[in-house]
A.B. asks: 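Starting off with a structure, shown below.
The figures here come from the full heavy-atom set of this structure, side chains too, leaving out hydrogens, waters and symmetry mates. These numbers come from a predicted model, not from an experiment.
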Amino acid sequence: MKSASAYRLYGASHSLYTGKARCYLRNQGLPYIEVPTWHPDFANRILPQIGRGIIPVLETSDGAVIQDTIDIIDHLEAQGVPWPAYPQTPLQRIVAIIIEYYGGQAMLKHAMHYRWSYRAEQEAFLRCAFTLGSGPKMAEQIMGRMNSYLPRLGVNAESIPLIEASFLQLLDRLERHFAEWPYLLGTQPSIADYGLIGPMFAHLGRDPVPLAIMQQRAPRVHRWVERMTAPGLDVVEYAQAEPGFSAGDALPPTLIPVLEHIAEDIFPELTDKLAYLDAWVAELKPSSGTPVTEKPQIRQVGMVQTRFRGAPIEVGVEPYLLYVLQRASDTLRALPLAERGAVQAQLAELGLADAVSLGRTWRVGRRRNIEVWEVPATV
């Protein structure tokens with residue numbers, strides 16, 4: 001591993017995605033300094049380079065500025081780290097990316113519901129977090145804007161009981177898994193753990209209402225949250241074993257119920273979002289290299305009617321979801337035909353096959369920290 005000066009991580013303690021990047025830096029033992037967004041450097045130097053107000057942002061010792069947790073982690077992986085986050089075997093790698101998608105995208109429902117639907121019960125905590133560095137007036141504006149996102153995430157009167165039941169079921173299934181394993185895929189953290197820790201720390205493992213539920217119902221899950229936010233591999237309570245992923249390309253048996261839970265949560269919403277994006281690209285025929293939305297701060301291209309565990313919801317569609325999942329498709333596409341079929345069969349058994357599409361010709365890329373379309377000339 002190459003030595004490096006301290007990185008600068010621009011973010012916030014209550015930010016879901018900052019938590020993901022922070023955990024990676026801590027687990028890998030990488031030197032970093034966390035810088036708040038109200039620091040003058042963020043407005044004067046960082047914002048002009050990323051083109052929108054968004055966190056986290058990693059600044060390297062040579063002045064490179066990287067926004068987005070996937071790009072941050074991939075950059076650091078390329079430098080060499082003690083515990084690489086990507087499994088090298090195909091099924092584990094694909095499953096890890098799907099879990100990363102679940103944590104960073106699909107679990108926004110759970111995270112934002114518990115933060116804002118229970119605002120009265122945790123007002124002092126939230127107001128403290130959002131006031132630090134921005135002042136009461138700006139905090140009120142930010143909190144109001146965040147609260148307004150709930151309908152676009154599919155949080156409504158019909159879905160709320162199902163979101164809460166889903167959270168409890170997830171805790172129960174993770175609790176059984178962490179009774180045997182310190183991390184999702186074995187004895188070292190993977191991109192799956194970093195994807196899931198985003199909502200499970202910043203919102204669900206820190207805000208008072210969901211934190212109390214987690215501590216009382218699933219203490220091993222709470223211990224995993226502590227483990228992920230600690231330096232190095234904090235696995236003292238497990239039998240000593242070499243860091244690594246489950247042997248071969250096998251999934252830990254206790255992870256199977258968690259994956260089945262994820263499949264129930266993400267479909268049919270993911271299928272409907274992908275169909276919307278396919279139709280959107282086919283109709284508008286964007287050119288390669290053009291931003292996915294008219295303004296960088298706008299992440300969604302439209303709304304789609306779908307369902308969450310049977311409840312009707314209307315959700316915003318972000319092309320970014322393809323940036324997350326197309327890495328799983330790339331992994332599957334690179335396999336020899338026979339091995340590809342075997343992995344697809346395993347994904348189908350888990351109910352996750354539709355998350356990994358091989359037929360899509362267009363992609364979402366990133367240029368200068370902004371999502372752009374990547375479309376073949378024939379499209």
A.B. asks: Taking side chain as C-beta onward, heavy atoms only, is Arg309 less than 4.5 Å from Ser166?
C.D. replies: yes
A.B. asks: Other hydrophobic cluster members with Tyr10, side-chain heavy atoms of Ile/Leu/Val/Met/Phe/Trp/Tyr under 4.5 Å, chained?
C.D. replies: Ile33, Val35, Phe42, Ile46, Leu47, Ile50, Ile54, Ile55, Val57, Val65
A.B. asks: For Glu164 and His113, does a side-chain donor sit closer than 3.5 Å to a side-chain acceptor?
C.D. replies: yes
A.B. asks: Given side chains that start at C-beta, do those of Asn369 and Gln49 come closer than 4.5 Å, heavy atoms only?
C.D. replies: no
A.B. asks: Would you check if there is a donor-acceptor pair between the side chains of Gln326 and Arg360 at a distance under 3.5 Å?
C.D. replies: no
A.B. asks: Would you say the side chain of Thr187 lies within less than 4.5 Å of the side chain of Val235, judging by non-hydrogen atoms?
C.D. replies: no
A.B. asks: Can Glu77 and Tyr24 be counted as having a side-chain donor-acceptor contact under 3.5 angstrom?
C.D. replies: yes
A.B. asks: Taking C-beta and beyond as the side chain, do Ser288 and Trp373 meet within less than 4.5 Å on heavy atoms?
C.D. replies: no
A.B. asks: Quick one, Asp249 with Arg93, criterion salt bridge (Lys or Arg N to Asp or Glu O under 4.0 Å). Give me CA distance, side-chain angles, the key distance, then yes/no.
C.D. replies: CA-CA 9 Å; Asp249 199 17; Arg93 189 183 186 97; over 6 Å; no
A.B. asks: For the hydrophobic clusters of this structure (ILVMFWY residues joined by side-chain heavy atoms under 4.5 Å, transitively), does one cluster hold both Phe167 and Leu211?
C.D. replies: no
A.B. asks: State, yes or no, whether a side-chain contact exists between Glu121 and Pro208 at a heavy-atom distance under 4.5 Å.
C.D. replies: no
A.B. asks: Hey, would you say the Trp116 and Phe130 ring centroids sit under 6.0 Å apart?
C.D. replies: yes
A.B. asks: Should Glu318 and Lys273 count as an ion pair when the cut-off is N to O under 4.0 Å?
C.D. replies: no
A.B. asks: Less than 4.5 Å apart, any side-chain heavy atom of Val356 and any of Ile98?
C.D. replies: yes
A.B. asks: Would you say Arg52's side chain and Ile298's backbone share a donor-acceptor pair under 3.5 angstrom?
C.D. replies: no
A.B. asks: So, are Arg333 and Glu339 salt-bridged, with charged N and O less than 4.0 Å apart?
C.D. replies: no
A.B. asks: Salt bridge between Lys109 and Glu269, side-chain N to carboxylate O under 4.0 Å?
C.D. replies: yes
A.B. asks: Below 30° counts as parallel, above 60° as perpendicular, anything between as tilted: where do the rings of Tyr114 and Tyr118 land?
C.D. replies: parallel
A.B. asks: Please walk me through it: do Tyr17 and Asp68 pass side-chain hydrogen bond (donor to acceptor under 3.5 Å, both in side chains)?
C.D. replies: CA-CA 8 Å; Tyr17 299 106; Asp68 187 76; over 6 Å; no
A.B. asks: May I ask you to check whether Trp362 and Trp280 place their ring centers less than 6.0 Å from one another?
C.D. replies: no
A.B. asks: Let me see the working for Arg22 and Tyr32 under side-chain hydrogen bond (donor to acceptor under 3.5 Å, both in side chains), right down to the final yes or no.
C.D. replies: CA-CA 9 Å; Arg22 184 191 301 115; Tyr32 77 98; 4.6 Å; no
A.B. asks: Kindly indicate whether the side chain of Leu150, heavy atoms from C-beta on, has any atom under 4.5 Å from the side chain of Ser117.
C.D. replies: yes
A.B. asks: Would you compute the distance between atom NE2 of His39 and atom CG of Asn44 and round it to the nearest 0.5 angstrom?
C.D. replies: 9.5 Å
A.B. asks: Examine distances only and state if a side-chain atom of Gln88 and a backbone atom of Tyr86 form a donor-acceptor pair shorter than 3.5 Å.
C.D. replies: yes
A.B. asks: Taking atom types as modelled and ignoring hydrogens, do the side chains of Arg173 and His261 form a donor-acceptor contact shorter than 3.5 angstrom?
C.D. replies: no
A.B. asks: Could you check whether any side-chain N or O of Arg8 sits under 3.5 Å from a backbone N or O of Glu59, counting only pairs where one atom can act as donor and the other as acceptor?
C.D. replies: no
A.B. asks: Met112 versus Tyr149: any side-chain heavy-atom pair under 4.5 Å?
C.D. replies: yes
A.B. asks: Please answer whether the main-chain N or O of Asp172 pairs with a side-chain N or O of Arg217 as donor and acceptor at a distance below 3.5 Å.
C.D. replies: no
